[in-house]
Amino acid sequence: MNLFFAKKEKTTPKDAIINLRETLSMLEKREAHIQSKINVESKIARENATTNKRAAIAALKRKKLYEVQRDKMSGTRMTIEAQAMSIEAANVNLETLKAMQVGAKAMKQIHAGMDANTVDETLDQIREQMDINNEISDAISQPQLFGAEMDEDELAAELEELEQEELDKQLLASGTVPVSLPKSPLRNTPLSGGPLQNAPLPAGPLRNAPLPAGPPRKAPAPVEVEDEDDELAELRESMGMPAM
């Protein structure tokens with residue numbers, strides 16, 4: 001009973017293709033064998049064409065029979081080849097479909113905890129954190145003096161004094177009288193031959209006291225203002241400072 005009702009093993013596409021390929025190999029060998037017989041009969045008919053016509057005709061008849069078998073076998077081989085190619089194409093389609101199904105299941109699992117709203121919320125959170133980070137970076141990058149107030153006018157005046165001192169040093173080193181004198185309590189004291197020669201002395205106990213005797217002083221030579229202005233402009237230009 002088991003022999004008649006035994007379950008047949010399921011044939012896979014791979015097994016079917018292998019079986020068809022083996023059948024094709026057998027048919028090709030059989031066809032080559034028949035072709036060799038056709039060649040033999042053709043040779044016999046050619047050799048007996050003039051000497052033994054009955055043998056030549058018999059050989060031609062056998063040749064025709066072999067040719068019929070060869071043609072049928074060739075058609076069978078073409079049919080099996082077409083079937084094998086169809087099974088291979090169907091198997092490729094099946095494997096492709098299986099791969100696509102696996103990919104669809106994977107995408108379904110991935111999208112199980114993700115939707116458009118979740119993506120929008122995540123992007124909003126990212127943008128918010130980026131804005132906060134930019135604000136923090138801007139706040140940190142701004143210079144802080146921590147309570148120290150700077151007066152721009154005072155700094156400009158101090159810089160101008162430093163520039164004047166440097167100019168005076170350069171002029172003294174070159175043997176030229178500086179144009180502007182440094183500030184001192186006697187800055188407005190009249191000089192010989194200058195515009196403040198007739199200015200009154202400051203009030204004090206020594207206002208009417210006679211000056212001590214001494215050797216007569218020689219009046220200094222008048223300063224050429226134009227030459228000093230030219231030298232001062234050249235010195236400022238050499239030091240890379242703007243002209244006054």
Side-chain angles (χ1 to χ4, degrees), residues 1-40 63-159 162 240 242:
M1 297 293 291
N2 293 333
L3 295 175
F4 294 100
F5 297 99
K7 288 185 178 180
K8 294 183 180 180
E9 294 183 0
K10 186 177 180 181
T11 303
T12 62
K14 184 178 180 181
D15 295 336
I17 293 172
I18 292 173
N19 190 11
L20 290 173
R21 292 301 179 188
E22 292 177 353
T23 303
L24 283 173
S25 179
M26 183 268 295
L27 291 174
E28 288 176 357
K29 292 179 181 179
R30 180 64 179 171
E31 187 176 354
H33 178 67
I34 293 175
Q35 183 64 41
S36 64
K37 288 186 175 183
I38 292 173
N39 294 336
V40 171
K63 177 186 174 185
K64 292 295 183 182
L65 292 175
Y66 288 138
E67 288 178 350
V68 171
Q69 291 182 6
R70 183 196 60 184
D71 294 339
K72 290 181 178 180
M73 198 168 295
S74 178
T76 303
R77 187 165 60 85
M78 292 297 295
T79 303
I80 293 176
E81 287 181 354
Q83 186 178 8
M85 294 176 62
S86 299
I87 293 174
E88 288 178 351
N91 188 37
V92 171
N93 294 334
L94 178 62
E95 296 297 330
T96 304
L97 179 60
K98 289 181 180 179
M100 294 175 66
Q101 289 176 348
V102 173
K105 290 181 181 179
M107 292 183 66
K108 186 176 181 180
Q109 293 177 358
I110 293 172
H111 293 157
M114 181 175 59
D115 54 9
N117 295 329
T118 305
V119 174
D120 292 338
E121 292 176 0
T122 303
L123 293 177
D124 291 338
Q125 293 176 1
I126 293 174
R127 284 191 288 266
E128 182 179 356
Q129 295 302 319
M130 290 180 66
D131 293 338
I132 294 173
N133 183 55
N134 292 333
E135 292 178 359
I136 294 174
S137 299
D138 294 339
I140 293 175
S141 62
Q142 291 180 358
Q144 300 293 333
L145 300 178
F146 299 102
E149 296 181 358
M150 298 293 178
D151 189 355
E152 298 294 336
D153 297 336
E154 183 179 354
L155 293 175
E158 185 176 355
L159 178 62
L162 293 175

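As the structure is a computational prediction, the values presented were derived from the model and not from experiment. Residue indices begin at 1 and follow the sequence shown.
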Discussion item. If we check side-chain hydrogen bond (donor to acceptor under 3.5 Å, both in side chains) with Arg70, which of these qualifies: Glu31, Gln35, His33?
Written reply: Gln35
Worksheet item: Within the side chain of Thr79, is there an N or O that forms a donor-acceptor pair under 3.5 Å with the backbone of Gly75?
Response: yes
Worksheet item: Nearest 0.5 Å, what's the OG-CD distance between Ser74 and Glu67?
Response: 12.5 Å
Worksheet item: Between atom NZ of Lys63 and atom CG of Leu65, what is the distance when rounded to the nearest 0.5 Å?
Response: 12.5 Å
Worksheet item: Do the side-chain N and O atoms of Ser141 and Asp138 include a donor-acceptor pair separated by under 3.5 angstrom?
Response: no
Worksheet item: What's the shortest heavy-atom distance between Ile17 and Glu88, and which atoms?
Response: CD1-CG, 3.4 Å
Fill in: Close side-chain approach of Val102 and Lys98, heavy atoms under 4.5 Å
no
Worksheet entry | Over 12 foreign heavy atoms within 6.0 Å of CD, Glu158 | no
Worksheet item: Closest heavy-atom contact between Tyr66 and Ile34?
Response: O-CG2, 3.2 Å
Fill in: Expected output: side-chain Asn93 to main-chain Ala89 donor-acceptor under 3.5 Å
yes
Worksheet entry | Over 12 non-hydrogen atoms of neighbours within 6.0 angstrom of CE in Met130 | no
Worksheet item: Do the non-hydrogen side-chain atoms of Val40 and Ser36 ever get within less than 4.5 Å of each other?
Response: no
Worksheet item: Are Asp15 and Asn19 side-chain neighbours, meaning at least one heavy-atom pair lies under 4.5 Å?
Response: no
Worksheet entry | Over all atoms of both residues, closest heavy-atom pair of Ile80 and Leu27 | CD1-CD1, 3.4 Å
